[in-house]
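Atoms within each ligand, like the ligands themselves, are counted from 1 in listed order. Small disclaimer: the values here were computed from a predicted structure and weren't measured.
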Amino acid sequence: MTDVIVEETTALAVRAGREAGEIIRDGMSQPFDVDMKGRRDLVTSIDRESEALIIRTIRGRHPEDRIVAEESAPVSPGEGTGEGTGRAWIIDPLDGTNNFAHGYPFFCVSIAIEEGGELVAGVAYDPLRDELFVAERGRGARLNGEPIHVSTTESLSDSIVATGFPYDRTEGSENNLANLNRFILSVRGIRRGGSAVLDLVYVACGRLDGFWELNLNIWDVAAGGLIVREAGGTVTNFSGEGWDHTTGDIVAGNSLIHTQMTNIVGSGGQS
Ligand code: IPD
Ligand code: CA
Ligand code: CA
């Protein structure tokens, strides 16, 4: 089925995401350079090539728009929105870089569009499975053109949830281990996929029931979070009251288990 996309900007994000996905797919079978951004935080030449293509594609059509992209414009959460035309493109050119660099097949491209500080579209493309997740605000979420919905699992004890851990977990106090200890006693299973964006869109299509993580960046959550919301799920920060996508903590799930999840992340006073 063809993608059902209304806005020209979303269609542009889809085109950029698909073309970047080709770079990543081809990159798996070629030599690539790896640099360390931190002790565990890698960047490859494929991340950079993917990002360059996406930015070139967007700039070609919307040269005045703000671009917030992981590898070329590091910003603090909250920066990079609402300037110029009021539109911002939030780009993770390769979410799951560690997986990619190790040949572990779980990674994607993520592009979100913000207008006046509000998320209006989200695109995530998994090049290995040729899976394109798209949401436009108020118009639902789709996987390869078909509408998707979050799961209907009612209880955390019947749920499979996913999470991740910050790269600086040995340096910072927020390492997510206290949350992990609490969740593991409450759920059917926990997965650590290594791509926050794919974790989120897997919640959106019901493959996972929920996802939580902390200390993420805006490009890790913006597209996936909107896609979960448009698929009927609930997305908030750890407090459970609303979602500010410019902050690093997120709890996403179907609305039946979401409160059970925020009770867990909020219950220990430690992350
Ligand atoms: C990372 C992945 C991972 C999450 C990290 C992110 P990157 O993004 O989404 O699952 O646990 O916090 O930084 O570095 O592969 O783009
Ligand atoms: Ca990422
Ligand atoms: Ca990345």
Checklist entry - Can the ring centroids of Trp212 and Phe183 be said to lie less than 6.0 angstrom from one another? => result yes
Using only atom types and a distance under 3.5 Å, with no angle test, would you say the side chain of [X] pairs donor to acceptor with the backbone of [Y]?
X      : Y      : result
Asp95  : Ala196 : yes
Ser195 : Phe107 : no
Ser50  : Ile46  : no

Using a strict 4.0 Å cut-off to heavy atoms of [X], name the atoms of ligand 1 that fall inside it.
X      : result
Gly96  : 7 (P), 15 (O), 16 (O)
Ser195 : 9 (O), 10 (O)
Asp92  : 16 (O)
Gly194 : 2 (C), 3 (C), 10 (O)

Next on the checklist: Yes or no: does Leu94 have any heavy atom under 4.0 Å from an atom of ligand 1?
Outcome noted: yes
Next on the checklist: Less than 4.0 Å is my threshold; does some heavy atom of Pro166 fall inside it relative to ligand 1?
Outcome noted: no
Checklist outcome for this item: salt bridge (charged side-chain N to carboxylate O under 4.0 Å, His left out) filter on Arg188, not counting sequence neighbours, yields Asp158
Checklist entry - Looking at residues at least two apart in the chain, or sitting in another chain, which of them share a side chain to side chain contact (heavy atoms under 4.5 Å, CB included) with Tyr104? => result Asn99, Phe106
Could you check [atom] against the protein and tell me its nearest heavy-atom contact, residue, atom and distance included?
atom                   : value
atom 5 (C) of ligand 1 : Glu213 OE2, 3.6 Å
atom 6 (C) of ligand 1 : Asp220 OD1, 4.0 Å
atom 1 (C) of ligand 1 : Tyr167 OH, 3.6 Å

Item to check | Cut-off under 3.0 Å, centre the Ca ion (ligand 3), protein N/O/S atoms | outcome: Glu70 OE1, Asp92 OD1, Leu94 O
Checklist entry - Taking heavy atoms and a distance under 4.0 Å, where does Glu71 meet ligand 1: side chain, backbone, both or neither? => result neither
Checklist outcome for this item: Closest non-hydrogen contact found for Ser110 with Ala223 is OG-CB, 3.3 Å
Looking only at distances, can you tell me whether any N or O atom of [X], backbone or side chain, sits closer than 3.5 Å to an N or O atom of ligand 1?
X      : result
Leu216 : no
Asp95  : yes
Gly164 : no

Item to check | Test log, rule salt bridge (Lys or Arg N to Asp or Glu O under 4.0 Å), inputs Glu115 and Arg87 | outcome: CA-CA 4 Å; Glu115 284 177 3; Arg87 184 161 47 221; 3.3 Å; yes
Item to check | Selection residues 116-137 - residue pairs positive for salt bridge (Lys or Arg N to Asp or Glu O under 4.0 Å), sequence neighbours left out | outcome: Arg18-Asp130, Glu118-Arg137, Asp126-Arg129, Glu131-Arg207, Glu136-Arg139
Checklist entry - What's the verdict on ring pair (Phe, Tyr, Trp, His ring centres under 6.0 Å) for Phe211 and Tyr202, showing C-alpha distance, side-chain angles and the deciding distance? => result CA-CA 9 Å; Phe211 167 73; Tyr202 276 28; over 10 Å; no
Item to check | Any donor-acceptor N or O pair under 3.5 Å, side chains Thr236, Glu241 | outcome: no
Next on the checklist: Taking Glu70 first and then Lys37, would you say they form a salt bridge - that is, a charged N and a carboxylate O separated by under 4.0 Å?
Outcome noted: yes
